[in-house]
> 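Sharing a structure here in structure tokens format.
Atoms within a ligand are numbered from 1 in the order they appear, just like the ligands themselves. Positions are given from 1 along the sequence. Both backbone and side-chain heavy atoms feed into the values below; hydrogens, waters and symmetry mates do not.
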Amino acid sequence: MLALGCDHGGYPLMKTVKEYLDRNHIAYKDFGTDSEESVDYPVYAKKVARAILSGECDKGILVCGTGIGITIAANRFPGIRAANCTDEYMARFARLHNDANILGLGARVLGPGAAEGIVETFLNTEFSGVDRHQRRIHMIEEDVDR
Ligand code: RB5
């Protein structure tokens, strides 16, 4: 199950993301927001991060104006690896190397076609599982130097 969250700046692109998911029969839980009325992006980042950490959802997509604020907020939670991606290459390697569990998108940065390609790549790429990448992720989570 995917967890979705956005602020007012991300809302227009989130509509496109949801259309893509609906078309492809991909299940999601939508944590809002649901309009372009001004809200605070950390609220939605926290809802999505908590849904993933509780096991309710396995991955998430967060959208704000740039994708920056909402991924910064999500990354404050240990166990969350949110990657703000602006192209498919970044989305592929966010999964392959970083095992990112949240995709960040910027609604004021990306067109709908580019965003759909990024979402598709993120959802269809598995973590490589290679030792050195696993070790580096462990180093992030555990505050160890090796
Ligand atoms: C809201 O205007 C905007 O600051 C927000 O969507 C996001 O881009 C923050 O990083």
> Locate the shortest heavy-atom distance separating Ile70 from Tyr41; write the atom from each residue and the value.
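Minimum heavy-atom contact is N-CD1, 3.7 Å.
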
> Would Gly65 count as a polar contact of ligand 1, with the cut-off being nitrogen or oxygen pairs under 3.5 Å?
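Such a contact does occur with ligand 1.
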
> At a 4.0 Å threshold, what atoms of ligand 1 neighbour a non-hydrogen atom of His8?
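Going through ligand 1 atom by atom, the ones under 4.0 Å from His8 are 1 (C), 2 (O).
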
> Establish whether atom 4 (O) of ligand 1 and some protein heavy atom are separated by less than 4.0 angstrom.
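No.
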
> Tell me: protein heavy atom nearest atom 2 (O) of ligand 1, and distance?
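Checked against all protein heavy atoms, atom 2 (O) of ligand 1 sits closest to Arg108 NH1, 3.3 Å.
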
> Considering only non-hydrogen protein atoms, determine which one is nearest to atom 7 (C) of ligand 1 and report residue, atom name and distance to 0.1 Å.
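So the nearest neighbour among protein heavy atoms is Cys64 SG, 3.3 Å.
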
> Identify, for atom 6 (O) of ligand 1, the protein heavy atom at the shortest distance, and state residue, atom and that distance.
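Sorting protein heavy atoms by distance from atom 6 (O) of ligand 1 puts Asp7 OD2, 2.6 Å first.
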
> Is Gln134 reaching over with its side chain to a backbone N or O of Gly129, donor-acceptor style, under 3.5 angstrom?
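Pair absent, no side-chain N/O of Gln134 close to backbone of Gly129.
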
> Would you sort out whether Phe31 and Val43 count as a side-chain contact (heavy atoms from CB on, under 4.5 Å), showing the intermediate values?
CA-CA 10 Å; Phe31 289 90; Val43 170; over 6 Å; no

> Could you tell me which atoms of ligand 1, counted from 1 in the order shown, lie closer than 4.0 angstrom to a heavy atom of Tyr41?
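Per the distance check, 9 (C).
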
> Can you list the atoms of ligand 1 that are under 4.0 Å from a heavy atom of Gly69?
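Ligand 1 atoms under the 4.0 Å threshold to Gly69: 9 (C), 10 (O).
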
> Restricting to non-hydrogen atoms, name the atom on Leu62 and the atom on Ala74 that form the minimum distance, rounded to 0.1 Å.
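Taking every non-hydrogen atom into account, CD1-CB, 3.7 Å.
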
> Hey, which of Asn101, Ile52, Thr71, Ile102 is the one that makes side chain to side chain contact (heavy atoms under 4.5 Å, CB included) with Arg81?
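Of the listed residues Asn101, Ile52, Thr71, Ile102, the side chain to side chain contact (heavy atoms under 4.5 Å, CB included) partner of Arg81 is Asn101.
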
> So, does Asn75 use its side chain to make a donor-acceptor pair with the main chain of Ala82 at under 3.5 Å?
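Confirmed, Asn75 side chain pairs with Ala82 backbone.
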
> Counting both backbone and side chain atoms, is some N or O of Gly10 under 3.5 Å from an N or O of ligand 1?
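Gly10 vs ligand 1: no N/O contact under 3.5 Å.
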
> Of the non-hydrogen atoms in Leu2 and Ile26, which two are nearest, and what is the gap between them?
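Between these two residues, the closest heavy atoms are CD1-CG2, 4.1 Å.
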
> Do any nitrogen or oxygen atoms of Thr66 lie less than 3.5 angstrom from nitrogen or oxygen atoms of ligand 1?
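Right, the criterion is met.
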
